[in-house]
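A short worksheet on the structure shown next.
In the text below, chain A, chain B and the rest are named by the order of the sequence lines, each starting its count at 1.
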There are 2 protein chains.
Amino acid sequence: MDQVTALRRFNRYFTRRIGVLDDHYLGQDRPLGEARLLFEIHESASEASGTGASLRELRTRLGLDAGYLSRMAKALEAQGLVRTSVHPGDNRLRRVALTPAGRAEVTEQNRRAGALAAGLLEGLAPGQRTDLTGALATAQRLLRLAAITVTLVPGASPDARACLEAYAADLDVRFPEGFDESALVRPEEVSGDAGAFFVAYEESRPVGCGALRRLEPRVGEIRHVWVHREARRLGLARRLLAALEGEAAARGFDVVRLDTHAALTEAQAMYRACGYREIPRYDDNVYAAHWFEKRLE
Amino acid sequence: MDQVTALRRFNRYFTRRIGVLDDHYLGQDRPLGEARLLFEIHESASEASGTGASLRELRTRLGLDAGYLSRMAKALEAQGLVRTSVHPGDNRLRRVALTPAGRAEVTEQNRRAGALAAGLLEGLAPGQRTDLTGALATAQRLLRLAAITVTLVPGASPDARACLEAYAADLDVRFPEGFDESALVRPEEVSGDAGAFFVAYEESRPVGCGALRRLEPRVGEIRHVWVHREARRLGLARRLLAALEGEAAARGFDVVRLDTHAALTEAQAMYRACGYREIPRYDDNVYAAHWFEKRLE
DNA sequence: ATATTTCTTTGACTTTAGTCAAACTTTGGC
DNA sequence: GCCAAAGTTTGACTAAAGTCAAAGAAATAT
């Protein structure tokens with residue numbers, strides 16, 4: 001309960017003191033809503049290799065009313081900061097991209113916010129600055145992890161399939177011999193009585209997954225534990241593993257097994273740290289080089 | 001420059017994800033402005049032993065327009081959440097205090113915000129929660145320190161005198177024999193050519209001070225380094241000391257001296273850690289038990 | 001091919017937040 | 001006792017933020 005207080009105290013301090021200041025500087029010459037929208041268009045554009053973001057995307061990201069957003073976009077266009085066009089491929093969608101003037105504006109926003117942050121850091125000695133940066137990084141990592149939810153989904157759901165595709169693509173790059181998607185579990189193997197599939201969501205985006213299937217009576221197998229590149233080093237894999245083990249225990253399995261590729265040394269280290277011990281080969285997975293097992297309580 | 005980026009990244013993440021959520025929950029049934037005002041009235045009331053806060057106090061704390069605040073207070077009164085009365089002692093001021101209904105509302109606000117924070121922490125293992133709390137505490141400490149400014153003020157200024165009074169009151173409690181204000185420096189000793197006086201401000205409130213005066217040619221004396229109870233353990237004394245030493249060097253002093261009371265053991269430890277070494281008695285200060293000196297570069 | 005859903009635009013609103021100046025009362029300095 | 005300053009209230013505004021529903025166009029499902 002004291003930790004709740006600490007979190008709230010920090011929240012109050014931070015949003016009132018720093019956050020408010022930042023917003024104030026951000027939207028110096030224009031409404032905050034427009035400034036934020038401009039910023040978000042810039043972000044979306046630089047993330048996706050493409051040029052610009054769709055209104056639909058911005059709407060969900062900023063959580064705005066469709067009409068409100070439409071009008072703001074029009075206002076930005078009237079000011080010459082963005083250009084809109086129909087989305088190629090889906091004519092219902094509207095694409096918004098920054099003009100050079102819009103990009104200049106975002107750069108200026110960044111300069112101001114950066115100056116604010118730099119001014120704040122100036123009051124600290126170099127060592128203290130490092131401490132601050134470290135503490136903020138730790139806090140952000142843990143807050144992100146805390147905000148991620150791990151939920152059971154049907155093995156055939158689009159999110160599950162999307163995760164497995166990303167997983168396969170990652171492995172294909174990682175394994176010297178490549179990776180063939182046919183080695184993935186089939187949806188029916190991880191649905192209903194046969195097994196389970198978990199997806200980790202960060203702000204309703206899937207950022208990780210893990211599958212459990214029945215191998216033999218009272219023995220389960222964990223497969224395809226994967227974490228999105230941008231959600232790594234948060235401790236998410238451990239949470240997925242814990243969810244899978246909990247599910248296995250609930251299904252009456254005494255033991256869970258899993259295998260890993262020789263190249264995935266960090267994964268092996270994690271399994272060991274989580275109480276798995278290496279066992280002899282139990283399957284004929286061509287990609288596997290190590291086999292592990294853990295006895296459940 | 002990378003530290004600036006880290007600070008900004010955290011700021012963005014935190015305000016958008018946690019701060020916004022918190023505000024949203026806070027003001028569930030009423031405008032955010034009113035919810036904040038209600039909260040602030042509660043805070044002021046519990047801080048000051050008295051019942052309620054003056055509008056003037058709330059105005060400076062929240063940085064609101066007088067007219068705007070007056071109207072919001074009236075709205076809260078119409079809703080039966082606060083009661084206003086004339087301030088005893090100054091009939092210009094208006095005092096606002098929570099009614100039982102108002103207190104219930106604040107309790108409900110707190111419950112909601114607490115539930116939000118608790119929900120967030122639930123996603124973490126106990127060890128991770130401790131890490132998070134620790135990181136946030138460190139970050140808050142350093143951010144506060146960074147936001148404090150140390151400035152040179154005339155020795156006779158009200159802020160300087162207020163600090164010295166608080167300093168004397170602290171010592172009077174701390175020293176077994178008490179402390180008499182006549183032992184303080186006189187304003188003229190720390191103004192102009194004779195010396196200097198620094199005040200540390202946090203959000204325009206004085207939270208610390210330190211004096212420098214000429215003892216002999218090329219020798220300065222540092223006196224009355226004090227930090228407000230609520231601004232301790234931030235590293236502020238060191239910053240004050242650094243400011244005083246910088247000023248001493250700028251005035252051509254080669255050496256600074258200072259004395260401390262036997263009871264102030266943490267102060268002694270700090271002086272040693274900051275490069276001061278103990279020397280024989282150099283004055284006849286009745287409160288002093290240890291004398292220190294530092295040679296400036 | 002038809003119906004349903006998705007996405008955007010537009011019109012018509014409301015609420016919140018905030019500003020500015022004038023008026024009035026009380027205090028404190030001289 | 002007079003005058004300036006401080007504190008509050010009120011009137012008269014504006015801008016920003018956001019809501020809701022209707023309507024039209026394009027995609028998708030059946």
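- When rounded to the nearest whole Å, the span between CG of A:Leu62 and P of D:dA16 equals 18 Å.
- Nearest heavy-atom pair across A:Gly80 and A:Thr99 is O-OG1, 2.7 Å.
- Residue B:Arg30 contributes atom CZ, which lies 22 Å from atom P of C:dT14 at whole-angstrom precision.
- A:Arg71 has no side-chain polar atom (N or O) that falls below the 4.0 Å cut-off from OP1 or OP2 of C:dT10.
- Note that CD of B:Glu202 is 4.0 Å distant from CZ of B:Arg144, once rounded to the nearest 0.5 Å.
- Checking the phosphate oxygens (OP1, OP2) of D:dA25, no side-chain nitrogen or oxygen of A:Asn91 falls inside 4.0 Å.
- With rounding to whole Å, A:His87 atom NE2 is found 21 Å from D:dA25 atom P.
- For B:Asp65, whose side chain is taken as the heavy atoms from C-beta onward, the closest listed nucleotide among C:dT9, D:dT19, C:dT19 is C:dT19.
- Residue-level contact check: A:Gly33 touches the backbone only, with heavy atoms under 4.0 Å from sugar-phosphate atoms and none from bases.
- Residue A:Lys74 places no side-chain N or O under 4.0 Å from the OP1 or OP2 atom of C:dT8.
- Using a 4.0 Å cut-off between charged side-chain N and carboxylate O, A:Glu203 and A:Arg61 make no salt bridge.
- A:Leu69 has its CG atom 16 Å from the C1' atom of D:dA16, to the nearest Å.
- Which of C:dT9, C:dC7, D:dT10 sits closest to the side chain of B:Ser70 comes down to D:dT10.
- Between A:Glu77 and A:Lys74, none of the side-chain N atoms (NZ, or NE/NH1/NH2) sits under 4.0 Å from a carboxylate O, so this pair counts as no salt bridge.
- With respect to A:Glu108 and A:Arg111, a salt bridge is recorded, a charged nitrogen being found less than 4.0 Å from a carboxylate O.
- For B:Tyr68 and C:dC20, the OH to C1' distance is 15 Å, given to the nearest whole Å.
- A:Arg94 has no side-chain polar atom (N or O) that falls below the 4.0 Å cut-off from OP1 or OP2 of C:dT8.
- Atom CG of B:Leu55 and atom C1' of C:dC24 are 16 Å apart (whole Å).
- In terms of position along DNA chain D, the nucleotide closest to A:Glu34 lies nearer the 5' end than the nucleotide closest to the other residue of the pair A:Arg92 and A:Glu34.
- Among the nucleotides C:dG18, D:dA27, C:dT27, the one closest to the side chain of A:Asp90 is D:dA27.
- For A:Arg56 and D:dA25, the CZ to C1' distance is 16 Å, given to the nearest whole Å.
- Spacing between atom CE of B:Met72 and atom C1' of C:dA17 amounts to 8 Å, rounded to whole angstrom units.
- When distances are taken from the side chain of A:Leu64 to each of C:dA17, D:dG18, D:dT10, the shortest belongs to D:dG18.
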